[in-house]
Protein chains: 2
Amino acid sequence: MIIHIFPPMEPDPDTFFAALAHPLRLRALLLLQGEGELCVCELTHALDVSQPMISRHLAQLRQAGVVSDRRRGQWVYYRLHEHLPDWARQVLAATLSGVAGQVPYADDSAALANMPNRPATACCA
Amino acid sequence: MIIHIFPPMEPDPDTFFAALAHPLRLRALLLLQGEGELCVCELTHALDVSQPMISRHLAQLRQAGVVSDRRRGQWVYYRLHEHLPDWARQVLAATLSGVAGQVPYADDSAALANMPNRPATACCA
DNA sequence: ACAATATATATGATCATCCATATATTTCCG
DNA sequence: CGGAAATATATGGATGATCATATATATTGT
């Protein structure tokens with residue numbers, strides 16, 4: 001009898017690239033790659049989409065094993081998954097360094113930086 | 001008046017990752033990354049799919065600007081597009097080095113190596 | 001004519017989005 | 001303290017769009 005507590009499954013290449021293949025998900029992942037950790041409301045603001053919409057795509061990324069989440073009071077923070085294989089991290093790093101200055105990625109970072117009432121992460125995590 | 005002869009358009013990140021997001025296209029691209037140049041019949045054999053199917057996916061990759069083709073007599077050879085940006089090449093290189101030993105990618109390379117009557121590319125290109 | 005490759009069409013499957021709603025957590029106030 | 005309101009996040013269902021495959025047909029080169 002095999003008990004699956006929780007396989008820390010890392011995504012296979014198909015799953016990983018399917019996760020990157022949506023414009024909104026790619027924008028979110030490149031933000032996470034640059035910022036480390038962001039909550040849903042920050043992503044909603046930076047990407048300028050409805051909260052249910054980003055929540056759905058984050059759920060897809062979570063199910064794909066690309067991101068992990070942690071609850072901190074009323075906020076849920078997302079980050080790149082700890083078990084993401086090295087080649088996948090290299091893919092994201094190469095992409096970010098290649099396109100960081102272009103639209104819409106640069107604007108996303110700017111919108112995040114300009115967000116008012118941003119929940120503090122650095123001070124009390 | 002703007003004349004578009006043929007913009008050597010390089011794929012934007014969305015287009016590029018959408019191209020990688022299909023299992024068959026990813027397998028084909030990783031083969032091309034490793035082999036340099038392959039004709040349709042070689043890809044058909046290595047990936048074990050019907051010719052119309054691989055042809056259709058190659059057409060998508062061509063339209064996306066990820067591969068280019070050249071006709072050589074009765075064969076059409078595909079390769080990674082010359083104008084593919086550097087970050088995109090890094091993405092493919094990182095992926096290949098990360099997954100080359102796994103299924104189905106290792107089997108694809110083996111099937112290609114075992115292909116009989118393979119049209120010569122090195123000698124007469 | 002034959003072999004290699006490409007495209008057109010049809011069909012079943014999957015996906016993205018929207019709206020409404022559900023759950024969880026904190027704050028405010030009596 | 002206790003309960004309602006507010007904020008943050010997640011999900012279910014419906015719908016329209018897109019995609020993958022198969023079959024058939026066309027085109028190109030020897």
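Letters A, B, ... are given to chains in the order of the sequence lines, protein chains preceding strands, and every chain is numbered from 1.
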Are the side chains of Leu61(B) and Tyr78(B) in contact, using a 4.5 Å heavy-atom criterion?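 Heavy-atom side-chain distance check fails, nothing below 4.5 Å.
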Flag side-chain contact, heavy atom, 4.5 Å: Val91(A) against Phe17(A):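 They are in side-chain contact.
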Starting at the 5' end of DNA chain D and moving along, which residue's nearest nucleotide shows up first, His57(B) or Pro52(B)?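 Comparing both residues, the 5'-ward one is His57(B).
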Using whole Å, what does the distance between atom [atom2] of nucleotide [N] and atom [atom1] of [X] come to?
X        : N       : atom1 : atom2 : value
Tyr77(A) : dA10(D) : OH    : C1'   : 17 Å
Leu24(B) : dT21(D) : CG    : P     : 7 Å
Glu42(B) : dA4(C)  : CD    : P     : 12 Å
Gln60(B) : dA8(C)  : CD    : P     : 14 Å
Arg27(A) : dA16(C) : CZ    : C1'   : 15 Å
His22(B) : dC15(C) : NE2   : P     : 11 Å
Leu43(B) : dT5(C)  : CG    : C1'   : 12 Å
Ile54(B) : dT5(C)  : CD1   : P     : 11 Å

Spell out, as yes or no, whether a donor-acceptor pair under 3.5 Å connects the side chain of Arg118(A) to the backbone of Ala113(A).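 Checking the backbone N and O of Ala113(A) against the side chain of Arg118(A), no donor-acceptor pair under 3.5 Å is found.
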Glu42(B) side-chain N/O to Cys39(B) backbone N/O, donor-acceptor pair under 3.5 Å: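 A pair under 3.5 Å: yes.
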For the residue pair His57(A) and His22(A), does the interplanar ring angle fall in the parallel (under 30°), tilted (30 to 60°) or perpendicular (over 60°) class?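 Correct class here is tilted.
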Let me spell it out: for each of Arg56(A) and Arg62(B), pick the nucleotide of DNA chain C with the closest heavy atom. Which residue's pick is nearer the 5' end?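 Its nearest nucleotide lies further toward 5', so the answer is Arg62(B).
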Examine the base of dA4(C) for any acceptor or donor lying under 3.5 Å from a partner atom in the side chain of Gln51(B), and report the outcome as yes or no.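 Answer no: no donor N or O sits under 3.5 Å from an acceptor.
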Shortest side-chain distance from Met53(A), nucleotide among dT9(D), dT17(C), dT7(C):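 Among the listed nucleotides, the one closest to the side chain of Met53(A) is dT17(C).
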Please tell me which of the listed nucleotides, dT26(C), dA10(D), dC18(C), lies nearest to the side chain of Gln74(A)?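 Selected nucleotide: dT26(C).
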Looking for any heavy atom pair under 4.0 Å, which part of the strands does Arg71(A) touch: base, sugar-phosphate only, or nothing?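 Counting heavy atoms under 4.0 Å across all strands, the contact made by Arg71(A) is with sugar-phosphate only.
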